[in-house]
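Remember, it's a predicted structure, so these values are computed and weren't measured experimentally.
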Amino acid sequence: MKGRGGLVAAQNRQAAHVGAEVLRAGGNAVDAAVATSFALGVLEPWMNGIGGVGAMLVRPQDGPVSSIDAGARSPADLNPADFPLVEGKDGDLFGWPNVLEDRNVVGARSICIPGLVRGLGSAHARFGRMPWAELVAPAVALAADGLVVDHHVTLWVAQEMARLQRNEACAAWFLPDGYPPVPPAAVTGKVARLCSPKLSATLARIAHEGPDALYLSDLAQDLTRDVQDLGGYLSAEDMAGFEAVEAPARSEPYRGHALHYVPDLNGGVSVALAMRLCNRDHVPAGTVAAPDDIMAYAAAMAASWEHRFAELGDGAERTLPSCTTHFSVVDSEGMTVSLTLTQTLLSLFGSGVVSPSTGILLNNGVNWFDPRPGKINAIAPARKALANYSPVMLTGEEDVVAFGGSGGRKILPAVFQALARIVDFDADLECAIAAPRFDLSAPPVLVADPRFGADLLKRLAERYPVVLADRIDHPNHYTTLCGVRRKQGVNYGAAEPWHPWADAVAEGESLFPNE
């Protein structure tokens with residue numbers, strides 16, 4: 001996708017269309033990002049939503065890059081003693097040692113403060129120009145209609161059925177009649193939907209009253225009462241006290257470009273370190289990625305993970321020492337937004353807890369903390385989590401690239417490799433996203449795309465335990481990337497080609513372009 005008008009790249013075409021319509025109506029990139037974010041929370045509730053967290057990078061035309069961090073923070077009343085270790089490792093995203101009853105992964109104890117709406121409100125107050133209510137309105141309508149069930153919805157719900165069954169309100173929403181929803185046969189002319197009237201009403205209040213409605217009104221009281229009734233720690237004081245952190249983005253030089261990322265305790269920090277190490281230790285020799293280049297990328301990523309696990313955590317090292325980050329949006333005037341919310345609930349369906357009073361599906365941000373007592377990133381009250389979302393922006397001469405992704409720890413190596421291919425081999429967005437990729441998010445195991453070829457796979461296997469995995473939608477072994485680029489005044493957008501819903505949509509483009 002290319003053109004001089006604005007565009008939105010997201011892992012859900014309908015949500016991208018919502019943002020593109022905002023651009024067509026005169027909104028800027030931040031306005032489009034706010035509208036896309038709220039729509040994504042309705043259209044892909046297992047990934048994200050107003051019960052989640054996130055971070056944003058914003059670059060006004062030719063201006064400095066700013067970050068808005070609404071990352072996960074644990075409740076002030078959280079009690080680490082409530083998370084005793086038991087034998088084994090969990091089967092969720094990170095393979096942590098098991099905690100009794102999976103309390104750090106599923107259920108009300110796993111919930112951190114949902115900061116997303118605060119972050120979107122901060123971005124809109126500083127950069128937006130359209131009325132807030134107009135940006136939230138499409139999500140209100142989508143929630144009132146209900147999520148249309150297709151094979152993709154059925155797969156996600158079926159995959160997490162055991163988690164969803166543990167919470168009555170969650171099961172009522174996603175497991176009608178006690179089973180995963182199934183789309184009706186096409187010949188019937190019928191459409192199945194998953195409706196949440198409570199969520200629609202909550203979104204309508206946030207649209208009308210603004211972001212404070214979720215944090216300072218009776219909505220916050222209702223939400224936190226629901227969580228505490230289920231044994232969680234989230235309080236009205238936690239909600240009222242949460243503020244998104246606005247700060248200049250950190251930057252890391254890379255071969256004549258600058259990588260910009262959210263300053264601390266997120267995946268962008270580790271992407272920046274991998275690029276620093278690669279910049280120092282390896283110089284590409286050819287015009288296309290060769291085995292030596294992939295080996296160098298893997299070595300840089302492995303070293304970055306070692307640093308991440310050993311050094312990063314609230315109260316310890318939060319970022320990198322200064323050396324001198326889904327969806328992304330660019331408007332026709334050149335304002336670029338890299339927004340990863342990825343926007344996230346963390347695990348699929350987050351905590352598996354829906355607040356029955358508000359209809360909000362809540363995050364399981366406690367899962368970002370190391371359950372082992374005494375570790376740098378250990379579970380503790382009132383702490384910021386070491387998160388994986390990695391909104392990043394790359395700037396060069398007349399060139400700005402914004403990337404984000406979803407997929408837990410897999411986001412970091414995916415973003416790093418795409419950016420490296422753009423700089424090192426002048427790859428366009430589509431090629432950078434679609435190129436063969438490795439995942440090294442659970443070191444020392446390296447998951448490799450078979451398209452790398454036998455010779456490179458053999459070299460990788462000499463250094464790492466290698467597992468081969470194809471690029472497919474279910475399960476997604478490598479993450480879902482979306483990006484935009486503005487180069488010499490022309491805008492480009494691309495999204496993960498293996499994801500059935502992902503797409504880049506230009507302002508003014510029909511939701512059904514073939515009609």
Hey, does the side chain of [X] reach the backbone of [Y] with a donor-acceptor pair shorter than 3.5 angstrom?
X	Y	value
Asn363	Cys112	yes
Gln417	Pro413	yes
Asp264	Arg318	no
Arg471	Ala435	yes
Asn266	Gly268	yes
Tyr478	Ala448	yes
Asp293	Ala296	no
Asn48	Gly41	yes

Aromatic ring proximity Phe83/Phe369, centre distance under 6.0 Å: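 Distance test on ring centres: not under 6.0 Å, no.
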Return the [atom1] to [atom2] distance between [X] and [Y], rounded to the nearest 0.5 Å.
X	Y	atom1	atom2	answer
Asn388	Leu265	CG	CG	11.5 Å
Leu320	Ser270	CG	OG	7.5 Å
Arg409	Thr479	CZ	OG1	13.5 Å
Asp424	His257	CG	NE2	9.5 Å
Ser441	Leu446	OG	CG	9.5 Å
Ser351	Asp102	OG	CG	13.0 Å

Looking at every heavy atom in both [X] and [Y], which two are closest together, and how far apart are they?
X	Y	result
Pro450	Leu468	CG-CB, 4.4 Å
His260	Ser251	ND1-OG, 2.8 Å
Leu481	Ala414	CD1-O, 3.6 Å
Asp314	Lys384	OD2-N, 2.6 Å
Cys170	Gly352	CB-O, 3.5 Å
Ala432	Ile422	CB-CG1, 3.7 Å

Candidate pair Val484 and Leu7, rule side chain to side chain contact (heavy atoms under 4.5 Å, CB included), full reasoning: CA-CA 8 Å; Val484 296; Leu7 54 85; 3.4 Å; yes
Side chain to side chain contact (heavy atoms under 4.5 Å, CB included) between Leu147 and Arg193, worked out: CA-CA 5 Å; Leu147 175 65; Arg193 294 180 181 269; over 6 Å; no
Can you confirm whether [X] sits close enough to [Y] that some side-chain heavy atom of one is under 4.5 Å from a side-chain heavy atom of the other?
X	Y	answer
Ser304	Met301	yes
Trp498	Asn476	no
Arg276	Leu259	no
Asp90	Asn98	yes
Arg163	Leu348	no
Asn364	Val106	no
Ile376	Glu317	no
Trp173	Leu361	yes

Basic-acidic side-chain contact under 4.0 Å: Asp370, Arg383: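 Answer for the salt bridge query: no.
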Salt-bridge present (Arg13, Glu509; N to O < 4.0 Å):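 Glu509 and Arg13: salt-bridged.
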Count the heavy atoms belonging to other residues, nucleotides or ligands that lie under 6.0 Å from [atom1] of [X], then report whether that count exceeds 12.
X	atom1	result
Glu306	CD	no
Gln159	CD	yes
Glu397	CD	no

Working for side chain to side chain contact (heavy atoms under 4.5 Å, CB included), residues Leu460 and Leu456: CA-CA 6 Å; Leu460 288 168; Leu456 175 54; 4.1 Å; yes
Sole candidate of Leu116, Ile50, Leu142 that passes side chain to side chain contact (heavy atoms under 4.5 Å, CB included) when paired with Phe38: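 Option passing the side chain to side chain contact (heavy atoms under 4.5 Å, CB included) with Phe38: Ile50.
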Aromatic plane relationship, [Y] with [X] - under 30° parallel, 30 to 60° tilted, over 60° perpendicular:
X	Y	result
Trp305	Phe309	parallel
Phe452	Phe438	tilted
Phe416	Tyr297	perpendicular

Salt bridge (charged side-chain N to carboxylate O under 4.0 Å, His left out) between Glu496 and Lys410, worked out: CA-CA 14 Å; Glu496 191 78 24; Lys410 297 189 292 289; over 6 Å; no
Short side-chain donor-acceptor distance under 3.5 Å, Ser67 and Asp69: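 Not at all, the side chains of Asp69 and Ser67 share no donor-acceptor pair under 3.5 Å.
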Results of ring pair (Phe, Tyr, Trp, His ring centres under 6.0 Å) for His499 - residues two or more places apart only: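 Once residues adjacent in sequence are excluded, the partners of His499 under the ring pair (Phe, Tyr, Trp, His ring centres under 6.0 Å) criterion are His152.
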Side chain to side chain contact (heavy atoms under 4.5 Å, CB included) evaluation trace for Phe403 with Leu419: CA-CA 8 Å; Phe403 262 124; Leu419 291 173; 3.5 Å; yes
